[in-house]
Number of protein chains: 2
Amino acid sequence: MRKQDITIYDVAREAKVSMATVSRVVNGNTNVRKDTRERVLKVINRLHYQPNAVAQGLASKRTTTVGLIVPDLTNLYFAELSKGIDDIALLYKYNIIITSIENRLMKEDQAIQGLLNKQVDGIIYMSDNLPEEAAEAFKRTDTPVVLAGTKSNHQEFPSVAIDYMKADTESLNLLYNDGKKNLALVLDDPDTVVNAENRIPAYKKFMADHNLGEGHIYSNIKDHSDGYNLYSQLRQDGIDGVIVTRDITAVGILNAATDAGTKIPEEMEIVTASATQIASVVRPALTAIRQPLYDIGAVAMRLLTKLMNNEEIDKKQIELPYELLKKQSTANK
Amino acid sequence: MRKQDITIYDVAREAKVSMATVSRVVNGNTNVRKDTRERVLKVINRLHYQPNAVAQGLASKRTTTVGLIVPDLTNLYFAELSKGIDDIALLYKYNIIITSIENRLMKEDQAIQGLLNKQVDGIIYMSDNLPEEAAEAFKRTDTPVVLAGTKSNHQEFPSVAIDYMKADTESLNLLYNDGKKNLALVLDDPDTVVNAENRIPAYKKFMADHNLGEGHIYSNIKDHSDGYNLYSQLRQDGIDGVIVTRDITAVGILNAATDAGTKIPEEMEIVTASATQIASVVRPALTAIRQPLYDIGAVAMRLLTKLMNNEEIDKKQIELPYELLKKQSTANK
DNA sequence: TTGAAAGCGCTAACAG
DNA sequence: CTGTTAGCGCTTTCAA
């Protein structure tokens, strides 16, 4: 076993100091005389001593580890968020334990409990949906939590996101100004807070404000083939403009339209409510609400570092600006 | 602090047993009388006791945590691999610490050392490139390592991948049979083992075997815009068939061709050497080597669990079958 | 500026 | 089947 043969004790013995002093050197404590520090450092290098983070964690009650809860890593939306989180975590020397929870044995509150058992110093929660049990689990603990790229009814949880309502309204307006009046909303999941409390109300309000009738909301349209298959229904319902929550779904609709010979954007306009790389590489390129995913992740992680250090927070709910990227799937008159 | 107020000691006292017994029931040890077990369990539930995984890790020298080293999470290639890993990790109750190493402060060997300090029970390494220092770091430790979706010159490291040489040869043959003779190879990084030792030799051999001359190898073409910009060079060089390592790059070439009015596949055929979701949603859809990424990840993680349990391994180098998916970017005569 | 000593919460012999 | 007793490797008072 070469795994961990040299401990702080070995270093102490070789350097003829106490463990406490080695600990001080390792942790950059200034209360060590310069020559003592150098002597210890020399031994550390000679022995290739590396601190055991688990023992440090147990003794200090800080693991310099944060937990990430994410529905699905292969959804670029979350991958891009994660990248922002990861970069800032690296900067502040935190490791990341990642837990995916997509349609699985693993429920949200179990994921949380698992992370808590590992004694993470904080948690970033990225799923659209925060079930009541998960919220309860968060409330029971002192471990700080930040929601990234999503919203919750629980105002007590710090979050970083965009103004979904405003973004959707702006998108609908773009379609409307292009002369499209049979507008539809295509949702992945109608029950998430973002959809139920932001997108749907925004849509309904817009339709009412412009006397466009009830409109059409399509739910549980989650992937490329769902979108592809939805297309004929859209045509049947006379839809000429559509907002789609996921861009991969929007691509499905787009491809179905192309295959059917429908002219985009002339006969139908498409806007996706969350742009990842995919939205920009398909042809025609998709008009999209560009959420600053990397930044949302980065800001969320930065916020979490503050919470973990018990620093003062000026604002718990952070809203970042989005962009409406006008591409080829809308006329943009 | 509600964080960790109740310990195994509290449970022991309340249940009128020793810590050892509580530990036994927590760990499912069978040497506990049924009624004792139930009594302890009752107290555990009443007190909402949760074991401190850090303390468990220190005492048992097993953290039930594995480290993942990945270049870039937003590259779907790695995201899909990760998903396979994650699912099997969940099955075996391991947590995952993820470390990205793309063009950053964090070098491979530092990432490894960081994971080792956290006392991970094993490591899965997914980067195409295994620098010498990283290989050295792996050799110095007893912590098992598995390479997933990549190859190394170091035969001592267990790995799970496909036969890149065979896959590329088959792809080249497809182009050749379609009548394309000016074949090119477009690489992300010419120095990775997969490319240097597998793809390039396969390409050179194929060209030589079929008297197609020297051919053209384009290097450091890594993303959509690299691919897009490369297109005119390809035309200039008279290329009519191309194998591209990354599918996002292939999409760049495809889009440039489309924008230039080049007919795909008539005037140019494209095959991507690694298919992610992107390859199938663009139009024309890309002919692709479909590596079973999810499976590669899953098998790699399963292999790692065996190594972590010191089980017998029959084969350290596992090769999984790939498929050559013929789509619209090749004629497929 | 340094050291001694008491844990952190748990596991794992070893006895009984 | 259960309890006692050492630690695991480190941090952190408290004294000196």
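Order of the sequence lines fixes the chain letters, A, B, ..., with proteins taken first and strands second; residue numbering starts at 1 for each chain.
- Side-chain atoms of E197(A) never come within 3.5 Å of backbone atoms of N153(A) as a donor-acceptor pair (strictly under, hydrogens ignored).
- Nearest-nucleotide mapping onto DNA chain D: of G57(A) and T21(B), the residue sitting toward the 5' end is T21(B).
- For the pair S23(B) (side chain) and T21(B) (backbone), a donor-acceptor distance under 3.5 Å is absent.
- Remark: the K316(B) side chain and the S159(B) side chain contain no N/O donor-acceptor pair separated by less than 3.5 Å.
- Of the side-chain N and O atoms in T36(B), one or more sit less than 4.0 angstrom from OP1 or OP2 of dT2(D).
- S60(B) places a side-chain N or O within 3.5 Å of a backbone atom of Q56(B) that can act as its donor or acceptor partner.
- A centroid separation of 6.0 Å or more is found between the aromatic rings of Y125(A) and F157(A).
- Nearer the 5' end of DNA chain D, as judged by each residue's closest nucleotide, is the contact made by V32(B), out of M19(A) and V32(B).
- Taking atom CG on N52(B) and atom C1' on dC10(C), their separation rounds to 8 Å, with Å as the unit.
- Distance, N27(A) CG to dC10(D) P: 10 Å, rounded to whole Å.
- One finds a side-chain N or O of N31(A) lying less than 4.0 angstrom from the OP1 or OP2 phosphate oxygen of dT1(C).
- For the pair R33(B) and dT2(D), the criterion of a side-chain N or O lying under 4.0 Å from OP1 or OP2 is met.
- At the heavy-atom level, V22(A) lies nowhere under 4.0 Å from the strands shown.
- For Q56(B), the side-chain atoms get nearest to dT11(C) when compared with the rest of dG3(D), dG9(D), dT11(C).
- Put simply, Y49(B) has a side-chain N or O that comes within less than 4.0 Å of OP1 or OP2 on dC10(C).
- As a whole-Å value, the separation of R24(B) CZ from dA13(C) P is 11 Å.
- The interatomic distance linking L116(A) (CG) with dG9(C) (P) rounds to 15 Å, in whole Å.
- Spacing between atom NZ of K16(A) and atom P of dT2(C) amounts to 16 Å, rounded to whole angstrom units.
- Phosphate proximity of dG9(C) to K61(A): present, with a side-chain N or O under 4.0 Å from OP1 or OP2.
- Within the 4.0 angstrom heavy-atom criterion, base atoms lie near S23(A).
- Each of I8(B) and R37(A) was matched to the nucleotide of DNA chain C holding its nearest heavy atom; the match closer to the 5' end belongs to R37(A).
- Contact annotation: S18(B) side-chain N/O to dG3(D) OP1/OP2 distance is under 4.0 Å.
- Counting to the nearest Å, the P atom of dG7(D) and the CG atom of L58(A) are 17 Å from each other.
- As a whole-Å value, the separation of N29(A) CG from dT1(C) P is 9 Å.
- If you take CG of L47(A) and P of dG9(D), they are 14 Å apart, rounded to a whole angstrom.
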